[in-house]
**Q** 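The structure under discussion is supplied below as structure tokens; questions concerning it will follow.
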Amino acid sequence: MRIKILGSGAGGGFPQWNCNCANCRALRNGAAGYRARTQSALAVSADGENWLLLNASPDLRQQIAATPQLAPSTHHGARASPIKAVALTNGDVDHIAGLLNLREAQPLAVYASPRVLDTLKANRIFDVLAADLVTRVELPLDAPLRIEGAGVDLGLAIEAFASPGKIALYLEEAGAAEFGGQPGDTLGLRIIEKATGASFFYIPACARIDDELAARLRGAALVFFDGTLWRENEMIEQGLMGTTGSRMGHINMGGRKGSIVAFATLGVERKVFVHINNSNPALDANSKERAIATAAGWLIGEDGMEFTL
Ligand code: MLT
Ligand code: MN
Ligand code: ZN
């Protein structure tokens, strides 16, 4: 199974269009130790020819252009794409807006939770993915589902599970419990290669690592995990937004309650942070935070990184 990080950044990407934080400024000024990042998505293939996207970011057009494996192959006629299916982890802008890049009458399958499918249905702009060509399939919780699209069996299955988290910001209902969210509004995915049983986890949004999630992840071969923030309060401290990580549904990497500590005893073989926000000090390859993450066995995801399982 081949896995490629299409985008390792969080919503807004790095640099973010309107952001003047120290990281965004350093990157714009060409400082050493910084790399640009597009928004959150992975691509997976069992056969190297047919690909499943995990999330469809607003930067998808750029990501496809940067990824030779996702270009139409020459032996497939006037219109073709190796992208056969897309699985969505939630309804966030950074994870669904890229679906609009997949119009142009291309057959495809879109997998998501029932409530994210409802969101696509309620926003008629997504009807550009014509119903006769693009099938929309519900991802059940805790039951592996075989993935196919455009008449192709991808040789993959997805087991979706509820990730501790939150409803998309723009869907929040003021005053409602959990802002109107329900378990399953944010999914974690285990992607399984059918032929070998090999699997990895993709969890780009996670508010906390509870016992259930820890048990699920124990001993995993490879996990791509929510690396949005280093510190709970970093967006506030940097004067960017008046919001904590937990209010956004994102655990922080650092500190006693952070993901690095929570993973320390889980025996995960390869750990990769993705969905990294532009405010995160670990984006600087020369920072003490990067050194801490690296010493704990983490990779800080970069666009274009490839993995084989
Ligand atoms: C998030 O991950 O919290 C969201 O993508 C934030 C956003 O809407 O930009
Ligand atoms: Mn996001
Ligand atoms: Zn910034």
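One-based numbering, in listed order, for ligands and for the atoms of each.
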**Q** Return the closest protein heavy atom for atom 8 (O) of ligand 1 as residue, atom name and distance.
**A**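 The closest heavy atom on the protein side is Leu169 CD2, 4.4 Å.
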
**Q** With no hydrogens and no angle check, is any side-chain donor or acceptor of Gln39 less than 3.5 Å from a backbone partner on Gly98?
**A**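 No; judged by distance alone, with no hydrogens or angles, the pair does not exist.
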
**Q** Given that the side chain starts at C-beta and the backbone is N, CA, C, O, which of these parts of His95 lies under 4.0 Å from ligand 1, counting heavy atoms, or is it both or neither?
**A**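 Looking at His95 and ligand 1, no heavy atom falls under 4.0 Å.
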
**Q** Tell me whether Arg37 is salt-bridged to Asp303, with the criterion being a basic N under 4.0 Å from an acidic carboxylate O.
**A**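 Here Arg37 does not pair with Asp303 in a salt bridge, since their nearest N and O are not under 4.0 Å apart.
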
**Q** Between Arg216 and Asp142, is there a salt bridge with N-O shorter than 4.0 Å?
**A**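 Salt bridge: yes.
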
**Q** Please find the N/O/S atom of Asp94 nearest to the Mn ion (ligand 2) and write down its name.
**A**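 Among the N, O or S atoms of Asp94, the one closest to the Mn ion (ligand 2) is OD2.
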
**Q** Is the ring centre of Phe307 less than 6.0 Å from the ring centre of Phe224?
**A**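 Between Phe224 and Phe307, which both carry aromatic rings, the centre distance is below 6.0 Å.
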
**Q** Under 4.0 Å from a heavy atom of Asp94: give me the atoms of ligand 1 that qualify, with their elements.
**A**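 Result: 5 (O).
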
**Q** Quick one: do Arg247 and Glu172 make a salt bridge, cutoff under 4.0 Å?
**A**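 Salt bridge present between Arg247 and Glu172.
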
**Q** Looking at atom 9 (O) of ligand 1, what's its closest protein heavy atom, distance included?
**A**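 Here the nearest protein heavy atom works out to Gly11 CA, 4.0 Å.
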
**Q** Strictly under 2.8 Å, is any N, O or S atom of His275 next to the Mn ion (ligand 2)?
**A**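 Checking His275: at least one N, O or S atom is under 2.8 Å.
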
**Q** Ignoring hydrogens, what is the shortest heavy-atom contact between Asn55 and Leu88? Give both atom names and the distance.
**A**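 Residues Asn55 and Leu88, closest heavy atoms: OD1-CA, 3.3 Å.
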
**Q** Quick one: do Glu237 and Arg231 make a salt bridge, cutoff under 4.0 Å?
**A**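 Salt bridge: yes.
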
**Q** Are any of the side-chain nitrogens in Asp127 or Arg124 under 4.0 Å away from the carboxylate oxygens of its partner?
**A**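 A salt bridge links Asp127 with Arg124.
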
**Q** Determine if the distance from atom 4 (C) of ligand 1 to the closest protein heavy atom is below 4.0 Å.
**A**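 Yes.
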
**Q** Which residues and atoms, counting only protein N, O or S, are under 2.8 Å from the Zn ion (ligand 3)?
**A**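 Listed by chain and number: Cys19 SG, Cys21 SG, Cys24 SG, Asn278 OD1.
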
**Q** Side chain or backbone of Asp92 under 4.0 Å from ligand 1, or both, or neither, by non-hydrogen atoms?
**A**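 For Asp92, only side-chain atoms sit under 4.0 Å from ligand 1.
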
**Q** Any chance CG of Asp211 has more than 12 other-residue heavy atoms, nucleotides or ligands included, within less than 6.0 Å?
**A**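 No - once you tally the heavy atoms of other residues, nucleotides and ligands closer than 6.0 Å, there are 12 at most.
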
**Q** Any salt bridge linking Lys257 with Glu232? Criterion: basic side-chain nitrogen under 4.0 Å from a carboxylate oxygen.
**A**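 Answer for the salt bridge query: no.
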
**Q** By number and element, which atoms of ligand 1 are closer than 4.0 Å to a non-hydrogen atom of His275?
**A**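 Numbered from 1, ligand 1 contributes 2 (O).
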
**Q** Output yes when Arg146 and Asp153 qualify as a salt bridge under the 4.0 Å nitrogen-oxygen rule, no when they do not.
**A**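 Between Asp153 and Arg146 there is a salt bridge, with a charged N closer than 4.0 Å to a carboxylate O.
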
**Q** Looking only at protein heavy atoms, which one is nearest to atom 2 (O) of ligand 1, and how far off is it?
**A**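 Scanning the protein heavy atoms, the shortest distance from atom 2 (O) of ligand 1 goes to His250 NE2, 2.8 Å.
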
